[in-house]
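Beneath this line is the structure, given in structure tokens, with notes to follow.
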Amino acid sequence: MSKRIDVQNLNVFYGDFLAVKDASMVIEPRSVTAFIGPSGCGKSTFLRTLNRMHEVIPGGRVEGKVLLDNEDLYGPGVDPVAVRRTVGMVFQRPNPFPTMSIGDNVVAGLRLNGVKDKKVLKEKMEQSLRGANLWDEVKDRLDKPGAGLSGGQQQRLCIARAIAVSPDVLLMDEPCSALDPISTLAIEDLMNELKSEYTIVIVTHNMQQAARVADRTAFFNLEATGKPGMLVEMNDTQKMFSNPDQRATEDYISGRFG
Amino acid sequence: MSTATVDQASGSLGKKGQSGGRAAKNTIAKVVMWAAFLIALVPLVWIMWTVISKGGRLLLDVGWWTESQRGVGRREQAGGAAHAIQGTLIQAFVTALIAVPIGVFTAVYLVEYGRGRLAKAVSFMVDILTGIPSIVAALFVYALWVTTFGLDRIPFAVCLALVLLMIPVVVRSTEEMLKLVPNELREASYALGVPKWKTIMKIVLPTAFSGIVTGILLGLARVMGETAPLIILGPYFKSLSTNLFDGLMGTLPTMINEGRDNMAVPATNERVWAAACTLILLVLILNLLGRLVGRFSKVKN
């Protein structure tokens, strides 16, 4: 299952501070969408509003609509916990649960949400690890702690954990920034495979990475420090990196920024 | 070999004098550090030596651990401390049973939920509770239990006073341990669609578990040595007793206190030191237990 995200006039706040101003975009299913932009421009903040993780931070709130296949994530009576089951997330630094083994980490989401059937859990464990290209590396040490894996393996473990709960959308917040180039390549390959089943949104500081993996790219910018971030342009990746519509985009991509 | 290399290195830098000055400072710092360490060690070794040499012998006697002081005169070399050991352990256990849930839940509230005025007020109250002298806690319970409600002095009242002393220790140590749990783990759990309460129960508390247990055991060790509440609320009793709600119960601190007036009598003298030695041993065992739990922690590296 893969769903379309339609963001309409979204304002994102931290308390009274407007972090992202009036952003609208459509994120297509079965594709990879990349967010690029300078630090502090609100791209991570914006990403976190797509599964209501933004609200975890005290004072975090939004105005506007985020439609997931026409259902407003911020509509009245929508449970943020249920939203996060549908829209999964992978973080900047790999964060396997330290109290759990590799295998338990993968099915943590299922188990914590009440799945007890051992057969189901075992099947899902293998399926998710295969899905994250990690099965062959860890199948002999599923009961060992996740902290013993390398950084890249830990990140793929976190991806396996995220896809084990069968989300429709997978958000990735700079998933490769703590990894070496080979692990980065492994994750990028994985994204290419996963996009046949999921809507993938990735925040990245690495423009080559955006060019390599993304079908569409969105450029966020901010006018000055302390001013809200905003969406400058969103286009097909090829167009963004060859012939963008906005001057600011071209400046940023060609390194003439600021 | 290595000295030669160092000399060469400093020589090639041409700053031999400066390097020599630094070495001297290093030596002075080292001497001061070791001296401080040894000075701090003196009272500790002294106490241990005094207690063990004067009372250690009795601990090797099986009767010390199995018999009470029932019907034993102060000049008689007989009986044991079973009644006091048992009383101390029972009271510590009941105290922990009440104080640990309150303390842990308060800490969870402060770290995971507490925002704004109420949390600040609670935190402030815990600070105040931390600073309360044990005799004040004892007198408070006395005023409430005996003066206001008109109830008898029973061992359970002692537990209540000890609870007041243990709660802040548990709250503060648990709080520190919960704060050490990286926020990323909470976020990872939320992102899997796990509700907050379940995240706390299944992710945060297990991650902090060994630290919390260590804090609880240290709090327990502190409470076991408390004497003021025992003197005021739970007078000494020479026989075995397990009833917290009726009569009296002997404990190690009150046993020591009781014998204080008869230190000139050799039999009593030895019993007092042996009781002190037993108390130190119990606290030591609790501390070791705390470390052991830390080793068996579920956090795997």
Side-chain angles (χ1 to χ4, degrees), chain A residues 47-48 50-59 79-102 104-114 143-149 154 157-158 161-167 169-173 178, chain B residues 104 107-123 174-215 292-301:
Chain A
L47 185 81
R48 288 168 67 96
L50 301 182
N51 70 342
R52 297 190 68 166
M53 281 298 285
H54 177 59
E55 289 158 59
V56 171
I57 298 160
D79 182 5
V81 172
V83 170
R84 292 177 201 137
R85 270 173 219 163
T86 323
V87 185
M89 192 161 198
V90 175
F91 296 83
Q92 191 169 351
R93 276 182 37 204
N95 50 4
F97 298 128
T99 51
M100 298 182 192
S101 68
I102 293 171
D104 287 342
N105 255 291
V106 176
V107 293
L110 293 172
R111 202 172 265 158
L112 292 178
N113 283 323
D143 53 345
K144 296 270 165 23
L149 298 174
Q154 284 188 26
L157 177 63
C158 292
R161 184 176 65 184
I163 60 180
V165 291
S166 316
V169 181
L170 204 54
L171 308 176
M172 298 186 173
D173 190 356
Chain B
V104 170
V108 167
Y109 167 75
L110 286 176
V111 177
E112 306 289 336
Y113 291 95
R115 302 258 174 275
R117 273 200 197 155
L118 181 62
K120 271 197 188 130
V122 170
S123 191
T174 307
E175 225 186 327
E176 289 311 311
M177 290 304 141
L178 291 179
K179 279 184 191 160
L180 282 181
V181 176
N183 222 5
E184 290 146 26
L185 293 184
R186 296 184 181 88
E187 292 206 330
S189 176
Y190 297 152
L192 291 171
V194 180
K196 185 168 183 172
W197 66 270
K198 222 171 198 175
T199 300
I200 293 167
M201 291 292 293
K202 301 280 185 173
I203 305 291
V204 179
L205 286 176
T207 306
F209 181 74
S210 70
I212 294 174
V213 170
T214 308
L292 206 68
V293 170
R295 195 163 294 174
F296 282 104
S297 137
K298 279 166 90 188
V299 178
K300 298 151 182 152
N301 287 314

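To find a chain, count down the sequence lines: A is the first, B the second, and so on, and within it residues start at 1.
- Looking at B:P195 and A:N113, their side chains come closer than 4.5 Å, going by heavy atoms from C-beta outward.
- The minimum heavy-atom distance between B:T207 and A:P98, with the atom names listed, is CG2-CG, 3.8 Å.
- Neither the backbone nor the side chain of A:V90 comes within contact range of chain B, judged by heavy atoms closer than 4.5 Å.
- Heavy atoms from other residues, nucleotides or ligands lying under 6.0 Å from NZ of B:K198 number more than 12.
- Between A:M53 and B:Y190 the shortest heavy-atom distance is SD-CB, 3.8 Å.
- Under the 4.5 Å side-chain criterion, counting only non-hydrogen atoms from C-beta, A:F91 is in contact with B:E187.
- Both the backbone and the side chain of A:R161 come within contact range of chain B, with heavy atoms under 4.5 Å apart.
- Between B:A188 and A:N95, the shortest heavy-atom contact is CB-ND2, 3.4 Å.
- Taken from NZ in B:K202 to OG1 in A:T99, the straight-line distance is 10.5 Å, to the nearest 0.5 Å.
- Contact of the A:F97 side chain with the B:S189 side chain is registered, since non-hydrogen atoms from C-beta on lie closer than 4.5 Å.
- Contact annotation for B:R115: only side-chain heavy atoms (C-beta onward) come within less than 4.5 Å of a heavy atom of chain A.
- Proximity to chain A is absent for every atom of B:T199, based on heavy atoms less than 4.5 angstrom apart.
- B:A191 approaches A:M89 most closely through the heavy-atom pair CB-CB, 3.8 Å.
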Notebook entry, point to check: Should A:M100 and B:I203 be marked as a side-chain contact (heavy atoms from CB on, under 4.5 Å) after you check the CA-CA gap, both sets of side-chain angles, and the distance that decides it?
Noted result: CA-CA 9 Å; A:M100 298 182 192; B:I203 305 291; 3.6 Å; yes
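- With a 4.5 Å cut-off on non-hydrogen atoms, A:P96 touches chain B through its backbone but not through its side chain.
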